There are 2 protein chains.
Amino acid sequence: MSFSIKQKVYQEVIKELQRYIERNNLNPGDKLPSERELSERLNAGRSSVREALRALELIGLVETRHGEGTYLREYRSFQTVELLSSFILRQDNMKDDLTFTKKILEKEAAKLAFARISVSDIQELKAILDVNSSNPLTKHRAFFKYLFEKTENLLLMKIWSLMDEFSHAVCVYHFEESFYNTLLKHYSERDYESIDPLFSGPSEGEQLRGIFSLDCF
Amino acid sequence: MSFSIKQKVYQEVIKELQRYIERNNLNPGDKLPSERELSERLNAGRSSVREALRALELIGLVETRHGEGTYLREYRSFQTVELLSSFILRQDNMKDDLTFTKKILEKEAAKLAFARISVSDIQELKAILDVNSSNPLTKHRAFFKYLFEKTENLLLMKIWSLMDEFSHAVCVYHFEESFYNTLLKHYSERDYESIDPLFSGPSEGEQLRGIFSLDCF
DNA sequence: AGTTATTGGTGGTCTGACCACTATTGAATC
DNA sequence: GATTCAATAGTGGTCAGACCACCAATAACT
């Protein structure tokens, strides 16, 4: 009585690929054998090999270049988290949580960026506010995109952008006009302590009202 | 002149599936159309549809039963984490982002939960600490799971568990022994202001050192 | 009524064909 | 000899069709 569950071919291929990578000590950027070669060497149909490679590609372990080949990739969990999050978002009716969680991320980004914001950055941010003064949405997005980049936490930014995209489909929000300039003021005065309260807003306990403008449809 | 980047068919199929799930409001356990039907409806070859489904299966979003069909699945990381971990080990540039971002979420959860924590909750949390006193990892997970549930922000919790699962495959961390009790002390003394600094730790500016114990492999 | 055989639908796999893209090769040109 | 450009071989991208194995509902039989 063997416990070895009959694996699908594409799963076997993945395992074989792992062994291959291990044996040959492949690093990110290195080339994998071609689909046809793998198909032959592993005694599997090319379609099965492709199923394996596509799956690895989707989760970001492998990069495929048309006409060139398949390459081992510097792993980033972003695509995966992104994809999973999108499914999770659809599965539950958590659209209410969306706006609030997004705001949390924005607050943290604003605080994280604090240490890395220079005088020229503040000028940049002011320029962003000016250019987008007519459209509060693009202003908000551009403003925080800059801050998130300053945090140098790519994962944080990815999650935020994802939420941003989703929130646009559900419910658009932005801060009041004065918010952005107040934040910049805190930056220029090196006043870290005032950032958090700025996001919490004047009305303690209330989560979305006060500093927010909500345009839902 | 269209700017739409030419996507691969299997990626389009995934997107279509997401839309389909959204439209029909499918929940975990519900059945997806058959491969052949999808192939027909989306004007794609069956092999392309399979590439999409296999990829979704690999990351655990979808479950396939031979002879029955393909079903939407309650997300579980299972194989994904195991698979990714073996790939990730050499590449640790994402490790910092993940751990750090996860910590941010935990901090926010601790603060959000503050308003909703009752005396009995504190007892519950103490019990959790006692029961898991031997294993710092399960203790950390159980402790914060409770807090995240208290926030009643399902999205925040989902994202956190996602990261938690991923982070376990990469690098395990937990707080120092004293951390949990200190947090509970703040709760019982209704001392909201001290929560944030507790997470920031004694060494200002340093992100991961100090209050953390990092067991990487 | 209960059991068994049939059948239709499903995923699992392979093959072969064709297209599109890339990089290399090699010939024609300067 | 160096440069340019066209042919070519190798690669991934996609599709269609053919089987097989498996499952469940149905029909036929006892």
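None of the values given here were measured: they were computed from a predicted structure. Reminder, nothing fancy here: chain letters follow the sequence lines and each chain counts from 1.
- Interface remark: the A:Arg46 side chain does form a donor-acceptor pair with the D:dG13 base, using a distance-only criterion of under 3.5 Å.
- Along DNA chain D, the nucleotide nearest to A:Arg65 and the one nearest to A:Ser47 differ in position, and the one closer to the 5' end is contacted by A:Arg65.
- Under the 4.5 Å side-chain criterion, counting only non-hydrogen atoms from C-beta, B:Glu16 is not in contact with B:Arg41.
- With hydrogens and angles left out, the side chain of A:Arg36 and the base of D:dG12 share a donor-acceptor pair within 3.5 Å.
- With the nearest nucleotide of DNA chain D identified for both B:Val49 and A:His66, A:His66 has the one nearer the 5' end.
- Between the CD atom of B:Glu37 and the P atom of C:dG8 there is a distance of 19 Å, given to the nearest Å.
- Atoms CZ (A:Arg50) and P (D:dT11) sit 14 Å apart, rounded to a whole Å.
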Step-by-step side chain to side chain contact (heavy atoms under 4.5 Å, CB included) determination, B:Leu32 to B:Leu26: CA-CA 9 Å; B:Leu32 295 177; B:Leu26 293 194; 3.8 Å; yes
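- Straight-line distance from the CD atom of B:Gln7 to the C1' atom of D:dT14: 15 Å, rounded to whole Å.
- Note: A:Phe175 and A:Phe143 fail the aromatic proximity criterion, with ring centroids not under 6.0 Å apart.
- Side chain of A:Glu68, nearest nucleotide from C:dA23, D:dG12, C:dG12: C:dA23.
- Candidate nucleotides D:dT11, D:dT14, C:dT13 were compared by shortest atom distance to the side chain of A:Lys31, and D:dT11 ranks first.
- Using a cut-off of 4.0 Å between Lys/Arg side-chain N and Asp/Glu carboxylate O, B:Arg19 and B:Glu22 are scored as not salt-bridged.
- Taking the side chain of B:Glu35 as heavy atoms from C-beta on, and the options D:dT14, C:dG11, D:dG12, the nearest nucleotide is C:dG11.
- Across the interface with DNA chain C, nearest-nucleotide mapping of A:Ala44 and A:Gly67 shows A:Ala44 to be the residue nearer the 5′ end.
- Distance B:Lys8 NZ to C:dA20 P: 17 Å, rounded to the nearest Å.
- As a whole-Å value, the separation of B:Glu63 CD from D:dC23 P is 13 Å.
- The residue B:Thr70 sits close only to the backbone: its heavy atoms come under 4.0 Å of sugar-phosphate atoms, none of a base.
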